[in-house]
Amino acid sequence: MYALILNIPGPNDAVDTVIESLVKSVIALLLLLASFGYLTLAERKILGRMQSRYGPNRVGIFGVMQPLADGLKLLLKEQITPREVRTGVYLLAPAISIFVAIMAFAIVPIGPPLPWLGKVRVLAVANVNIGILYLLAILSLGVYGIVLGSWSSSNRYSLLGGLRSSAQMISYELSLGLSIVAVVLLAGTLSPMGIVAAQNHAGLSWFILLQPLGFMLFVVGGFAETNRAPFDLAEAEQELVGGYHTEYAGMRFALYYMSEYINMVTVSALVTTLFLGGWVGVGNGILFTLTTSAPWFQLIGVFWFFFKTLAFLFFYFWIRATLPRIRYDQLMWFGWKIMLPLSVVNMLATAFYVSLS
Amino acid sequence: MVKDYVPLLILAVVAAGFALTNIGITLVVGPWRPTREKMDPYESGMTEIQPPRQRFPIKFYVIAMLFLLFDIEAISFFPWAVLLRPLHFSGFIEMFIFVVALLIGYLYIWKKGALDWE
(Lines give C-alpha, C1' and ligand atoms only; values in the text may rest on other atoms or scores of the structure.)
Protein backbone atom coordinates (compact mmCIF):
# COMPACT_ATOMS: atom_id res chain seq x y z
CA MET A 1 0.00 0.00 0.00
CA TYR A 2 2.80 2.36 1.01
CA ALA A 3 4.83 1.30 -2.01
CA LEU A 4 1.91 1.77 -4.35
CA ILE A 5 1.37 5.36 -3.33
CA LEU A 6 5.00 6.32 -3.69
CA ASN A 7 5.48 4.54 -7.02
CA ILE A 8 2.63 5.91 -9.07
CA PRO A 9 3.62 5.59 -12.70
CA GLY A 10 4.07 9.07 -14.11
CA PRO A 11 2.11 9.88 -17.26
CA ASN A 12 4.21 8.75 -20.20
CA ASP A 13 2.41 10.43 -23.00
CA ALA A 14 3.18 14.15 -23.27
CA VAL A 15 -0.24 15.04 -24.72
CA ASP A 16 -1.94 13.11 -21.95
CA THR A 17 0.08 14.97 -19.34
CA VAL A 18 -0.79 18.35 -20.77
CA ILE A 19 -4.50 17.61 -21.10
CA GLU A 20 -4.65 16.07 -17.65
CA SER A 21 -2.94 19.02 -15.99
CA LEU A 22 -5.04 21.51 -17.92
CA VAL A 23 -8.24 19.80 -16.76
CA LYS A 24 -6.96 19.61 -13.19
CA SER A 25 -5.88 23.26 -13.21
CA VAL A 26 -9.28 24.45 -14.40
CA ILE A 27 -11.06 22.22 -11.87
CA ALA A 28 -8.81 23.51 -9.08
CA LEU A 29 -9.47 27.12 -10.11
CA LEU A 30 -13.24 26.62 -10.25
CA LEU A 31 -13.19 24.73 -6.96
CA LEU A 32 -11.29 27.52 -5.24
CA LEU A 33 -13.54 30.23 -6.69
CA ALA A 34 -16.71 28.40 -5.72
CA SER A 35 -15.39 27.77 -2.23
CA PHE A 36 -14.45 31.45 -1.95
CA GLY A 37 -17.97 32.53 -2.84
CA TYR A 38 -19.71 30.17 -0.48
CA LEU A 39 -17.21 30.66 2.32
CA THR A 40 -18.06 34.34 2.46
CA LEU A 41 -21.72 33.38 2.78
CA ALA A 42 -20.97 30.63 5.30
CA GLU A 43 -18.87 33.00 7.37
CA ARG A 44 -21.62 35.63 7.51
CA LYS A 45 -24.25 33.00 8.31
CA ILE A 46 -22.17 31.36 11.03
CA LEU A 47 -21.07 34.66 12.56
CA GLY A 48 -24.68 35.81 12.43
CA ARG A 49 -25.94 32.73 14.26
CA MET A 50 -23.17 33.02 16.83
CA GLN A 51 -24.28 36.60 17.49
CA SER A 52 -27.99 35.72 17.65
CA ARG A 53 -28.96 37.14 14.28
CA TYR A 54 -29.77 35.66 10.89
CA GLY A 55 -27.02 36.72 8.51
CA PRO A 56 -27.84 37.21 4.83
CA ASN A 57 -31.24 35.68 4.03
CA ARG A 58 -32.83 37.95 1.42
CA VAL A 59 -31.12 36.97 -1.87
CA GLY A 60 -32.47 33.50 -2.66
CA ILE A 61 -33.38 30.84 -0.10
CA PHE A 62 -31.06 31.15 2.93
CA GLY A 63 -29.17 33.79 0.97
CA VAL A 64 -27.65 31.27 -1.46
CA MET A 65 -27.49 33.84 -4.24
CA GLN A 66 -25.73 36.38 -2.01
CA PRO A 67 -22.18 35.61 -3.31
CA LEU A 68 -23.34 36.14 -6.89
CA ALA A 69 -25.01 39.41 -5.98
CA ASP A 70 -21.87 40.58 -4.17
CA GLY A 71 -19.64 39.59 -7.06
CA LEU A 72 -21.81 41.39 -9.60
CA LYS A 73 -21.92 44.50 -7.44
CA LEU A 74 -18.14 44.58 -7.05
CA LEU A 75 -17.70 44.08 -10.77
CA LEU A 76 -19.97 46.98 -11.71
CA LYS A 77 -18.65 49.46 -9.14
CA GLU A 78 -16.55 52.41 -10.15
CA GLN A 79 -12.90 51.33 -10.05
CA ILE A 80 -11.62 54.36 -8.16
CA THR A 81 -7.90 54.85 -8.76
CA PRO A 82 -6.50 57.67 -6.63
CA ARG A 83 -4.34 60.28 -8.27
CA GLU A 84 -1.02 59.49 -6.62
CA VAL A 85 -0.87 55.71 -7.03
CA ARG A 86 1.99 54.06 -8.93
CA THR A 87 -0.35 52.69 -11.57
CA GLY A 88 1.62 49.69 -12.87
CA VAL A 89 2.45 48.20 -9.47
CA TYR A 90 -0.96 49.20 -8.12
CA LEU A 91 -2.74 47.15 -10.79
CA LEU A 92 -0.33 44.23 -10.60
CA ALA A 93 -0.34 43.76 -6.80
CA PRO A 94 -3.79 42.15 -6.41
CA ALA A 95 -3.00 39.91 -9.38
CA ILE A 96 0.17 38.71 -7.61
CA SER A 97 -1.85 38.02 -4.47
CA ILE A 98 -4.45 35.87 -6.21
CA PHE A 99 -1.84 34.14 -8.37
CA VAL A 100 0.15 33.05 -5.33
CA ALA A 101 -3.00 31.95 -3.50
CA ILE A 102 -4.05 29.70 -6.39
CA MET A 103 -0.55 28.28 -6.91
CA ALA A 104 -0.21 27.26 -3.26
CA PHE A 105 -3.13 24.85 -3.54
CA ALA A 106 -1.46 22.92 -6.38
CA ILE A 107 0.27 20.27 -4.29
CA VAL A 108 -2.60 19.37 -1.96
CA PRO A 109 -3.96 15.88 -2.74
CA ILE A 110 -7.73 15.92 -2.31
CA GLY A 111 -8.22 12.15 -2.63
CA PRO A 112 -6.52 8.82 -3.18
CA PRO A 113 -4.97 8.08 -6.60
CA LEU A 114 -7.71 6.98 -8.93
CA PRO A 115 -7.57 4.84 -12.08
CA TRP A 116 -9.20 6.80 -14.87
CA LEU A 117 -8.88 6.33 -18.63
CA GLY A 118 -6.19 3.69 -18.43
CA LYS A 119 -3.90 5.33 -15.92
CA VAL A 120 -3.67 5.86 -12.18
CA ARG A 121 -4.15 9.57 -11.70
CA VAL A 122 -3.29 11.64 -8.68
CA LEU A 123 -6.04 13.89 -7.33
CA ALA A 124 -3.71 16.86 -6.95
CA VAL A 125 -2.72 19.33 -9.64
CA ALA A 126 0.93 18.38 -9.24
CA ASN A 127 2.50 15.39 -7.55
CA VAL A 128 6.05 16.61 -6.96
CA ASN A 129 8.35 14.90 -4.49
CA ILE A 130 9.43 18.22 -2.93
CA GLY A 131 5.84 19.43 -2.51
CA ILE A 132 6.38 20.87 0.97
CA LEU A 133 9.44 22.85 -0.10
CA TYR A 134 7.49 24.24 -3.06
CA LEU A 135 4.67 25.17 -0.73
CA LEU A 136 6.96 27.11 1.62
CA ALA A 137 8.46 28.96 -1.33
CA ILE A 138 5.04 29.92 -2.66
CA LEU A 139 3.71 30.95 0.76
CA SER A 140 6.66 33.32 1.17
CA LEU A 141 5.76 35.00 -2.11
CA GLY A 142 2.35 35.91 -0.68
CA VAL A 143 3.93 38.86 1.11
CA TYR A 144 4.75 40.55 -2.21
CA GLY A 145 1.14 41.17 -3.20
CA ILE A 146 0.51 42.90 0.12
CA VAL A 147 3.73 44.93 0.28
CA LEU A 148 3.55 46.14 -3.33
CA GLY A 149 -0.17 46.94 -3.06
CA SER A 150 0.25 48.90 0.14
CA TRP A 151 3.31 50.79 -1.07
CA SER A 152 1.95 51.68 -4.49
CA SER A 153 -1.28 53.07 -3.00
CA SER A 154 0.52 56.20 -1.69
CA ASN A 155 -1.66 56.24 1.39
CA ARG A 156 -0.41 56.10 4.93
CA TYR A 157 -3.12 53.73 6.14
CA SER A 158 -2.31 51.36 3.32
CA LEU A 159 1.40 51.60 4.00
CA LEU A 160 1.07 51.00 7.74
CA GLY A 161 -1.41 48.17 7.21
CA GLY A 162 0.86 46.56 4.65
CA LEU A 163 3.93 46.86 6.89
CA ARG A 164 2.02 45.41 9.79
CA SER A 165 0.70 42.43 7.95
CA SER A 166 3.97 41.68 6.16
CA ALA A 167 5.95 41.85 9.42
CA GLN A 168 3.35 39.60 11.02
CA MET A 169 3.38 37.12 8.16
CA ILE A 170 7.14 36.76 8.07
CA SER A 171 7.36 36.46 11.87
CA TYR A 172 4.90 33.60 12.04
CA GLU A 173 6.21 31.94 8.90
CA LEU A 174 9.28 30.84 10.89
CA SER A 175 7.37 28.78 13.42
CA LEU A 176 5.02 27.57 10.67
CA GLY A 177 8.00 26.25 8.72
CA LEU A 178 9.61 24.66 11.78
CA SER A 179 6.38 22.91 12.77
CA ILE A 180 6.29 21.44 9.25
CA VAL A 181 9.90 20.23 9.74
CA ALA A 182 8.66 18.11 12.66
CA VAL A 183 6.04 16.52 10.39
CA VAL A 184 8.65 15.90 7.69
CA LEU A 185 10.91 14.26 10.29
CA LEU A 186 8.18 11.78 11.19
CA ALA A 187 7.15 11.12 7.60
CA GLY A 188 10.66 11.06 6.15
CA THR A 189 9.48 12.62 2.90
CA LEU A 190 8.62 16.03 1.47
CA SER A 191 5.87 14.70 -0.76
CA PRO A 192 2.30 15.46 0.47
CA MET A 193 1.15 12.07 -0.85
CA GLY A 194 3.93 10.40 1.13
CA ILE A 195 2.98 12.33 4.27
CA VAL A 196 -0.63 11.16 3.98
CA ALA A 197 0.58 7.60 3.44
CA ALA A 198 2.92 7.83 6.44
CA GLN A 199 0.00 8.81 8.65
CA ASN A 200 -2.06 5.82 7.64
CA HIS A 201 0.23 2.86 7.20
CA ALA A 202 0.07 1.72 10.82
CA GLY A 203 -3.48 2.02 12.01
CA LEU A 204 -4.46 5.42 13.28
CA SER A 205 -1.25 7.43 13.54
CA TRP A 206 -2.36 10.84 12.43
CA PHE A 207 0.26 13.44 13.18
CA ILE A 208 -2.16 15.43 15.33
CA LEU A 209 -1.74 12.61 17.87
CA LEU A 210 2.04 12.37 17.52
CA GLN A 211 2.55 16.13 17.18
CA PRO A 212 0.01 17.91 19.40
CA LEU A 213 2.33 20.87 19.98
CA GLY A 214 3.34 21.02 16.34
CA PHE A 215 -0.33 21.01 15.39
CA MET A 216 -1.08 23.95 17.67
CA LEU A 217 1.93 25.89 16.37
CA PHE A 218 0.85 25.21 12.79
CA VAL A 219 -2.72 26.34 13.48
CA VAL A 220 -1.64 29.58 15.16
CA GLY A 221 0.91 30.21 12.41
CA GLY A 222 -1.72 29.50 9.78
CA PHE A 223 -4.14 31.98 11.34
CA ALA A 224 -1.42 34.65 11.42
CA GLU A 225 -0.30 33.79 7.89
CA THR A 226 -3.79 34.38 6.50
CA ASN A 227 -4.29 37.60 8.50
CA ARG A 228 -7.39 36.23 10.18
CA ALA A 229 -8.85 36.91 13.61
CA PRO A 230 -7.38 37.14 16.21
CA PHE A 231 -4.41 38.25 14.09
CA ASP A 232 -6.32 40.52 11.69
CA LEU A 233 -4.38 43.60 12.72
CA ALA A 234 -3.94 44.76 9.17
CA GLU A 235 -7.67 45.37 9.00
CA ALA A 236 -8.05 47.10 12.35
CA GLU A 237 -10.76 49.54 11.28
CA GLN A 238 -10.36 51.80 14.30
CA GLU A 239 -6.71 52.55 13.59
CA LEU A 240 -6.00 51.71 10.00
CA VAL A 241 -9.30 51.80 8.09
CA GLY A 242 -9.05 48.84 5.69
CA GLY A 243 -5.35 48.08 5.98
CA TYR A 244 -3.33 47.42 2.84
CA HIS A 245 -6.35 47.43 0.52
CA THR A 246 -7.77 50.80 1.65
CA GLU A 247 -7.30 52.36 -1.79
CA TYR A 248 -8.64 49.41 -3.76
CA ALA A 249 -12.22 49.41 -5.01
CA GLY A 250 -14.47 47.04 -6.90
CA MET A 251 -12.99 43.98 -8.53
CA ARG A 252 -9.44 44.85 -7.47
CA PHE A 253 -10.49 44.75 -3.85
CA ALA A 254 -12.36 41.52 -4.61
CA LEU A 255 -9.11 39.93 -5.78
CA TYR A 256 -7.48 40.66 -2.42
CA TYR A 257 -10.55 39.37 -0.64
CA MET A 258 -10.54 36.27 -2.81
CA SER A 259 -6.88 35.53 -2.09
CA GLU A 260 -7.51 35.84 1.65
CA TYR A 261 -10.25 33.20 1.50
CA ILE A 262 -8.33 30.94 -0.88
CA ASN A 263 -5.39 31.10 1.52
CA MET A 264 -7.73 30.03 4.30
CA VAL A 265 -8.83 27.06 2.19
CA THR A 266 -5.20 26.18 1.51
CA VAL A 267 -4.23 26.36 5.17
CA SER A 268 -7.22 24.19 6.12
CA ALA A 269 -6.34 21.70 3.39
CA LEU A 270 -2.77 21.63 4.69
CA VAL A 271 -3.91 21.02 8.25
CA THR A 272 -5.94 18.12 6.87
CA THR A 273 -3.02 16.77 4.84
CA LEU A 274 -0.24 17.24 7.35
CA PHE A 275 -1.99 16.52 10.64
CA LEU A 276 -5.44 15.04 10.15
CA GLY A 277 -4.58 12.09 7.92
CA GLY A 278 -5.49 13.61 4.57
CA TRP A 279 -8.16 11.82 2.61
CA VAL A 280 -8.25 8.74 4.83
CA GLY A 281 -11.27 8.54 7.07
CA VAL A 282 -11.61 7.59 10.70
CA GLY A 283 -11.61 3.79 10.93
CA ASN A 284 -9.44 3.27 7.90
CA GLY A 285 -8.40 -0.35 7.68
CA ILE A 286 -11.74 -1.49 9.05
CA LEU A 287 -14.11 0.05 6.55
CA PHE A 288 -11.99 1.39 3.73
CA THR A 289 -8.53 0.47 2.63
CA LEU A 290 -6.34 2.45 0.28
CA THR A 291 -5.98 -0.04 -2.52
CA THR A 292 -8.16 -3.12 -2.37
CA SER A 293 -11.64 -1.62 -2.73
CA ALA A 294 -13.29 -0.92 -6.04
CA PRO A 295 -11.83 2.24 -7.62
CA TRP A 296 -14.97 4.35 -7.49
CA PHE A 297 -15.50 3.39 -3.90
CA GLN A 298 -12.31 5.29 -3.12
CA LEU A 299 -14.04 8.53 -4.00
CA ILE A 300 -15.21 8.36 -0.39
CA GLY A 301 -11.69 9.64 0.32
CA VAL A 302 -12.58 12.90 -1.42
CA PHE A 303 -15.57 13.19 0.87
CA TRP A 304 -13.34 12.72 3.94
CA PHE A 305 -10.91 15.33 2.69
CA PHE A 306 -13.65 17.91 2.24
CA PHE A 307 -15.26 16.99 5.54
CA LYS A 308 -12.03 17.61 7.46
CA THR A 309 -11.20 20.77 5.54
CA LEU A 310 -14.65 22.27 6.03
CA ALA A 311 -14.59 21.36 9.71
CA PHE A 312 -11.36 23.30 10.06
CA LEU A 313 -12.79 26.24 8.13
CA PHE A 314 -15.68 26.25 10.59
CA PHE A 315 -13.06 26.48 13.34
CA TYR A 316 -11.68 29.60 11.61
CA PHE A 317 -15.08 31.30 11.79
CA TRP A 318 -15.68 30.09 15.32
CA ILE A 319 -12.39 31.65 16.46
CA ARG A 320 -13.34 34.89 14.75
CA ALA A 321 -16.61 35.01 16.65
CA THR A 322 -14.90 34.15 19.95
CA LEU A 323 -11.55 35.90 20.33
CA PRO A 324 -10.83 39.64 20.35
CA ARG A 325 -8.04 41.05 18.21
CA ILE A 326 -4.67 41.07 19.95
CA ARG A 327 -2.43 44.12 20.26
CA TYR A 328 0.49 44.57 17.87
CA ASP A 329 3.30 44.43 20.42
CA GLN A 330 1.71 41.31 21.92
CA LEU A 331 1.59 39.80 18.44
CA MET A 332 5.30 40.31 17.78
CA TRP A 333 6.24 39.26 21.29
CA PHE A 334 4.21 36.09 21.01
CA GLY A 335 5.58 35.22 17.60
CA TRP A 336 9.27 35.74 18.35
CA LYS A 337 9.54 34.90 22.04
CA ILE A 338 7.00 32.08 22.45
CA MET A 339 6.20 30.49 19.09
CA LEU A 340 9.77 30.40 17.72
CA PRO A 341 11.48 28.77 20.76
CA LEU A 342 8.57 26.34 21.16
CA SER A 343 8.78 25.24 17.55
CA VAL A 344 12.55 24.72 17.80
CA VAL A 345 12.07 22.64 20.96
CA ASN A 346 9.30 20.66 19.27
CA MET A 347 11.50 20.02 16.26
CA LEU A 348 14.47 18.89 18.36
CA ALA A 349 12.33 16.61 20.50
CA THR A 350 10.85 15.02 17.38
CA ALA A 351 14.31 14.64 15.86
CA PHE A 352 15.57 12.99 19.03
CA TYR A 353 12.72 10.50 18.92
CA VAL A 354 13.14 9.80 15.20
CA SER A 355 16.92 9.42 15.36
CA LEU A 356 16.62 6.77 18.07
CA SER A 357 13.88 4.78 16.37
CA MET B 1 11.87 14.47 -12.81
CA VAL B 2 11.31 17.58 -14.84
CA LYS B 3 7.99 16.45 -16.27
CA ASP B 4 6.51 16.32 -12.76
CA TYR B 5 6.66 20.10 -12.86
CA VAL B 6 4.74 20.50 -16.12
CA PRO B 7 1.39 20.60 -14.24
CA LEU B 8 2.72 23.45 -12.08
CA LEU B 9 3.69 25.38 -15.19
CA ILE B 10 0.25 24.86 -16.69
CA LEU B 11 -1.47 25.88 -13.46
CA ALA B 12 0.75 28.97 -13.40
CA VAL B 13 -0.46 29.90 -16.88
CA VAL B 14 -4.11 29.33 -15.92
CA ALA B 15 -3.77 31.28 -12.65
CA ALA B 16 -1.90 34.17 -14.26
CA GLY B 17 -4.49 34.26 -17.03
CA PHE B 18 -7.29 34.44 -14.48
CA ALA B 19 -5.57 37.16 -12.43
CA LEU B 20 -4.65 39.35 -15.40
CA THR B 21 -8.08 38.94 -17.03
CA ASN B 22 -9.69 40.17 -13.84
CA ILE B 23 -7.38 43.18 -13.67
CA GLY B 24 -8.05 43.82 -17.36
CA ILE B 25 -11.80 43.73 -16.78
CA THR B 26 -11.50 46.41 -14.10
CA LEU B 27 -10.03 48.74 -16.71
CA VAL B 28 -13.07 48.56 -19.01
CA VAL B 29 -16.11 47.69 -16.86
CA GLY B 30 -17.85 50.08 -14.51
CA PRO B 31 -18.51 53.81 -14.57
CA TRP B 32 -15.66 56.31 -14.55
CA ARG B 33 -16.57 59.70 -13.16
CA PRO B 34 -13.46 61.20 -11.57
CA THR B 35 -13.68 64.31 -9.45
CA ARG B 36 -10.82 66.07 -7.72
CA GLU B 37 -11.93 65.07 -4.21
CA LYS B 38 -12.69 61.48 -5.13
CA MET B 39 -9.22 60.94 -6.50
CA ASP B 40 -7.51 62.23 -3.35
CA PRO B 41 -5.72 59.65 -1.20
CA TYR B 42 -8.11 58.45 1.50
CA GLU B 43 -7.70 60.45 4.70
CA SER B 44 -10.73 59.64 6.89
CA GLY B 45 -12.87 62.07 4.92
CA MET B 46 -10.56 65.02 5.60
CA THR B 47 -8.58 66.89 2.99
CA GLU B 48 -4.95 65.92 2.92
CA ILE B 49 -2.76 67.81 5.37
CA GLN B 50 0.55 66.04 4.79
CA PRO B 51 2.01 64.23 1.80
CA PRO B 52 1.09 60.55 2.12
CA ARG B 53 4.59 59.22 1.49
CA GLN B 54 6.40 59.34 4.79
CA ARG B 55 9.17 57.51 6.54
CA PHE B 56 8.12 54.55 8.60
CA PRO B 57 9.60 52.92 11.72
CA ILE B 58 12.95 51.19 11.28
CA LYS B 59 11.65 48.29 13.41
CA PHE B 60 10.16 46.74 10.32
CA TYR B 61 13.56 46.54 8.62
CA VAL B 62 15.01 44.77 11.66
CA ILE B 63 12.20 42.23 11.64
CA ALA B 64 12.69 41.64 7.91
CA MET B 65 16.44 41.05 8.37
CA LEU B 66 15.93 38.69 11.31
CA PHE B 67 13.36 36.82 9.24
CA LEU B 68 15.84 36.38 6.41
CA LEU B 69 18.46 34.99 8.79
CA PHE B 70 16.14 32.53 10.49
CA ASP B 71 14.22 31.51 7.39
CA ILE B 72 17.34 30.53 5.48
CA GLU B 73 18.35 28.40 8.45
CA ALA B 74 14.84 26.91 8.65
CA ILE B 75 15.11 25.86 5.00
CA SER B 76 18.38 24.08 5.74
CA PHE B 77 16.48 21.87 8.21
CA PHE B 78 14.40 20.29 5.44
CA PRO B 79 16.97 18.07 3.68
CA TRP B 80 18.20 17.01 7.11
CA ALA B 81 14.63 16.16 8.19
CA VAL B 82 14.15 13.86 5.19
CA LEU B 83 17.48 12.08 5.78
CA LEU B 84 17.50 11.82 9.57
CA ARG B 85 16.49 8.13 9.67
CA PRO B 86 19.56 6.91 7.71
CA LEU B 87 21.79 9.37 9.61
CA HIS B 88 20.72 7.95 13.00
CA PHE B 89 21.79 9.58 16.23
CA SER B 90 24.90 11.25 14.81
CA GLY B 91 22.64 13.26 12.52
CA PHE B 92 20.75 14.48 15.54
CA ILE B 93 23.94 15.47 17.38
CA GLU B 94 25.22 17.44 14.39
CA MET B 95 22.01 19.38 13.98
CA PHE B 96 21.84 19.93 17.74
CA ILE B 97 25.20 21.70 17.63
CA PHE B 98 23.94 23.85 14.76
CA VAL B 99 20.78 24.76 16.70
CA VAL B 100 22.84 25.68 19.78
CA ALA B 101 24.91 28.03 17.61
CA LEU B 102 21.67 29.47 16.30
CA LEU B 103 20.36 29.82 19.84
CA ILE B 104 23.34 31.93 20.87
CA GLY B 105 22.51 34.39 18.10
CA TYR B 106 18.85 34.30 19.09
CA LEU B 107 19.64 35.08 22.74
CA TYR B 108 21.94 37.88 21.59
CA ILE B 109 19.22 39.62 19.56
CA TRP B 110 16.79 39.07 22.43
CA LYS B 111 19.18 40.75 24.94
CA LYS B 112 19.86 43.54 22.45
CA GLY B 113 16.13 44.26 22.45
CA ALA B 114 15.60 43.60 18.75
CA LEU B 115 12.53 41.53 19.58
CA ASP B 116 10.94 44.15 21.85
CA TRP B 117 8.22 46.25 20.31
CA GLU B 118 8.36 49.37 22.47
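Just so we're on the same page: letters track the sequence lines, and every chain starts at 1.
- If you measure heavy-atom distances from B:Leu66 to chain A, the contacts under 4.5 Å come from both the backbone and the side chain.
- With a threshold of 4.5 angstrom between heavy atoms, A:Leu32 does not approach chain B through any atom at all.
- Considering only heavy-atom pairs separated by less than 4.5 Å from chain B, the leading option among A:Leu76, A:Ile180, A:Leu160, A:Val181 is A:Val181.
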Discussion item. Between B:Val14 and A:Leu22, does the side-chain contact (heavy atoms from CB on, under 4.5 Å) criterion hold? Intermediate values first, please.
Written reply: CA-CA 8 Å; B:Val14 171; A:Leu22 206 56; 4.3 Å; yes
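- For a residue to count as touching a neighbouring chain, one of its non-hydrogen atoms must lie under 4.5 Å from one of that chain's; by this rule B:Phe89 touches chain A with backbone and side chain alike.
- The heavy-atom pair separating B:Ile23 from A:Pro94 by the smallest distance is CD1-CG, 4.1 Å.
- With rounding to the nearest 0.5 Å, the separation of CD in A:Glu78 from CH2 in B:Trp32 is 6.5 Å.
- Residues A:Leu348 and B:Val99 form a side-chain contact, since some pair of their non-hydrogen atoms from C-beta on lies under 4.5 Å apart.
- Taking the six-membered ring for Trp and thresholds of 30 and 60 degrees, B:Phe60 and A:Tyr328 have ring planes inclined between 30 and 60 degrees apart.
- For the side chain to side chain contact (heavy atoms under 4.5 Å, CB included) criterion with A:Ser25, the lone passing option out of B:Ile10, B:Leu9, B:Val13 is B:Ile10.
- Heavy-atom distances place no part of A:Ile96 under 4.5 Å from chain B, backbone and side chain included.
- Looking at heavy atoms from C-beta onward, B:Leu11 lies out of side-chain contact with A:Phe105 at the 4.5 angstrom threshold.
- Looking at B:Val82, the atoms closer than 4.5 Å to chain A (heavy atoms on both sides) sit in the backbone and in the side chain alike.
- Using a 4.5 Å cut-off between heavy atoms, A:Ile102 contacts chain B through both its backbone and its side chain.
- If you measure heavy-atom distances from A:Gln79 to chain B, the contacts under 4.5 Å come from both the backbone and the side chain.
- Distance check: B:Leu8 CG to A:Ile107 CD1 gives 9.0 Å after rounding to the nearest 0.5 Å.
- Taking A:Leu331, A:Leu255, A:Thr246 one by one and counting their heavy-atom pairs under 4.5 Å with chain B, the maximum is reached by A:Leu255.
- Using a 4.5 Å heavy-atom threshold, the side chains of B:Tyr106 and A:Leu340 count as touching.
- Of all the listed residues (A:Arg83, A:Arg252, A:Glu247, A:Met251), the one sharing the greatest number of non-hydrogen pairs under 4.5 Å with chain B is A:Arg83.
- With a 4.5 Å cut-off on non-hydrogen atoms, A:Lys77 touches chain B through its backbone but not through its side chain.
- One finds the CE atom of A:Met332 at 9.0 Å from the CG atom of B:Leu115 (value rounded to the nearest 0.5 Å).
- The choice from A:Met347, A:Gln330, A:Met258 that makes the most heavy-atom pairs within less than 4.5 Å of chain B is A:Met347.
- Looking at A:Phe352 and B:Phe96, their side chains never come closer than 4.5 Å, going by heavy atoms from C-beta outward.
- When heavy atoms are compared at a cutoff of 4.5 Å, A:Val18 approaches chain B by way of both its backbone and its side chain.
- The environment of B:Trp80 atom CH2 is dense: over 12 non-hydrogen atoms of other residues, nucleotides or ligands sit within 6.0 angstrom.
- With chain B as the partner, the residue from A:Ile170, A:Leu356, A:Ile98, A:Asp329 showing the most heavy-atom pairs under 4.5 Å is A:Ile170.
- What you find for A:Ala95 and B:Ala19 is that their closest heavy atoms are O-CB, 3.7 Å.
- To the nearest 0.5 angstrom, A:Trp336 atom CH2 is 12.0 Å from B:Trp110 atom CH2.
- Among the candidates A:Ile130, A:Ile132, A:Leu185, the single residue satisfying the side chain to side chain contact (heavy atoms under 4.5 Å, CB included) test with B:Phe78 is A:Ile132.
- Under the 4.5 Å side-chain criterion, counting only non-hydrogen atoms from C-beta, B:His88 is not in contact with A:Ser355.
- The shortest non-hydrogen separation linking A:Val128 to B:Asp4 is CG1-O, 3.6 Å.
- For a residue to count as touching a neighbouring chain, one of its non-hydrogen atoms must lie under 4.5 Å from one of that chain's; by this rule A:Leu91 touches chain B with backbone and side chain alike.
- Taking CG from A:Leu163 and CD1 from B:Ile63, the interatomic distance works out to 12.0 Å, rounded to the nearest 0.5 Å.
- Put simply, CD1 on B:Ile75 and CG on A:Leu133 are 5.5 Å apart, with the number rounded to the nearest 0.5 Å.
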